[in-house]
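Inspection log for the structure reproduced underneath, given as structure tokens.
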Amino acid sequence: MAAGATTEDYPQEIDEQLTTFNSSVNAVKTMLEKLMSMSRNDLMQKLDPLDQAKLDLMSVYTLNSLFWMYLVTRGINPREHGIKQELERIRTYMNRVKEITDKKKAARLDKGAASRFMRNALFDPEDKALKKAASKKPAETASEGPQRKRPKQS
């Protein structure tokens with residue numbers, strides 16, 4: 001906690017919660033410092049459009065969440081404030097981006113491979129033999145038509 005704070009300044013029961021809160025605030029501070037160290041234009045140029053949307057949504061959601069916490073600390077019920085609707089709107093956009101990401105990751109159907117798989121899975125050797133015999137008969141009858149005579153051997 002703070003350098004001059006003692007455990008007598010606050011109830012002992014919340015010491016662990018305050019320590020956790022302090023570490024969380026420090027983690028947020030570290031992340032924001034990394035994010036703020038680079039200009040937004042440079043950061044956006046390095047990202048593809050989907051990652052840009054994710055970054056924008058993360059930024060606006062974080063800012064609105066911090067405002068939610070600010071309202072709570074001021075004694076204002078955020079559920080009755082407009083921030084609730086804003087957070088819900090952001091969540092719907094986050095879900096849309098997640099759906100797009102999931103569609104990108106989804107397996108594509110290779111129709112040719114699927115048809116070969118089905119054909120081989122339904123393979124019947126007797127049908128194959130019948131088809132082979134049927135395809136040979138027309139070829140044999142066509143070749144028997146005009147034949148050249150062989151010269152006699154003397």
Side-chain angles (χ1 to χ4, degrees), residues 1-139 142:
M1 290 298 303
T6 62
T7 56
E8 297 170 5
D9 294 337
Y10 55 89
Q12 185 66 28
E13 297 84 30
I14 63 170
D15 185 47
E16 183 179 330
Q17 293 170 339
L18 287 175
T19 305
T20 304
F21 178 74
N22 189 31
S23 65
S24 297
V25 168
N26 287 334
V28 169
K29 182 180 176 184
T30 304
M31 293 292 277
L32 286 174
E33 286 173 352
K34 286 180 186 177
L35 192 60
M36 302 297 280
S37 67
M38 187 179 235
S39 76
R40 182 156 175 85
N41 290 336
D42 292 341
L43 185 62
M44 290 303 241
Q45 287 176 353
K46 293 179 181 178
L47 300 174
D48 65 339
L50 190 60
D51 287 334
Q52 289 176 5
K54 287 179 182 179
L55 177 64
D56 286 339
L57 287 169
M58 184 264 319
S59 299
V60 74
Y61 191 82
T62 302
L63 184 63
N64 283 296
S65 296
L66 289 172
F67 186 68
W68 176 287
M69 289 184 256
Y70 171 76
L71 290 175
V72 170
T73 61
R74 303 298 289 169
I76 301 170
N77 186 359
R79 289 183 180 88
E80 297 172 359
H81 194 274
I83 194 70
K84 182 179 182 205
Q85 289 80 19
E86 183 66 15
L87 285 170
E88 288 174 0
R89 185 180 71 85
I90 296 166
R91 275 191 214 115
T92 59
Y93 286 117
M94 291 173 102
N95 288 335
R96 288 174 67 183
V97 167
K98 186 178 184 310
E99 288 173 8
I100 292 169
T101 305
D102 291 345
K103 283 182 184 178
K104 272 187 162 181
K105 291 179 183 177
R108 302 275 186 232
L109 177 65
D110 184 358
K111 291 181 182 179
S115 65
R116 289 190 302 272
F117 178 76
M118 292 302 293
R119 183 185 65 226
N120 291 331
L122 301 174
F123 177 73
D124 187 10
E126 292 177 11
D127 287 345
K128 178 98 175 182
L130 291 174
K131 286 181 183 177
K132 223 180 213 184
S135 66
K136 282 186 180 178
K137 285 183 182 179

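- Of the inter-residue distances, the one linking Asp56 atom CG with Asp51 atom CG reads 11.0 Å to the nearest 0.5 angstrom.
- Of all heavy-atom pairs between Pro78 and Ile83, the closest is O-CG2, 3.8 Å.
- One finds the CD1 atom of Ile76 at 7.0 Å from the CZ atom of Phe67 (value rounded to the nearest 0.5 Å).
- For Asn26, the side chain to side chain donor-acceptor pair (under 3.5 Å) test picks out no residue, with sequence neighbours left out.
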Chi angles and distances behind the side-chain contact (heavy atoms from CB on, under 4.5 Å) call for Phe21, Val25: CA-CA 6 Å; Phe21 178 74; Val25 168; 3.6 Å; yes
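- The two residues Trp68 and Arg79 make their nearest non-hydrogen contact at CH2-CG, 3.9 Å.
- Ion pair Arg96/Glu99 not flagged as a salt bridge, since none of the NZ, NE, NH1 or NH2 atoms sits closer than 4.0 Å to an Asp/Glu carboxylate oxygen.
- Within 6.0 Å of the CD atom in Gln85, the count of heavy atoms belonging to other residues, nucleotides or ligands exceeds 12.
- Note that the CG atom of Leu47 and the CG atom of Leu55 stand 6.5 Å from one another [nearest 0.5 Å].
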Stepwise side-chain contact (heavy atoms from CB on, under 4.5 Å) check, Thr62 with Met31: CA-CA 11 Å; Thr62 302; Met31 293 292 277; over 6 Å; no
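- Separating the NZ atom in Lys46 from the CE atom in Met38 is a distance of 3.0 Å, to the nearest 0.5 Å.
- Between the CD1 atom of Ile90 and the CG atom of Asn95 there is a distance of 12.0 Å, given to the nearest 0.5 Å.
- Judged as a side chain to side chain donor-acceptor pair (under 3.5 Å), and not counting sequence neighbours, the contacts of Lys98 are Asp102.
- With a 6.0 Å radius and a threshold of 12 heavy atoms from other residues, nucleotides or ligands, Met44 has its CE atom above the threshold.
- For the residue pair Ser39 / Asp42, a side-chain donor-acceptor distance below 3.5 Å is found, with atom types taken as modelled.
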Worked verdict on Met36 versus Glu33 for side-chain contact (heavy atoms from CB on, under 4.5 Å): CA-CA 5 Å; Met36 302 297 280; Glu33 286 173 352; 5.9 Å; no
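- The distance from the NZ atom of Lys54 to the CD1 atom of Ile100 is 10.0 Å, given to the nearest 0.5 Å.
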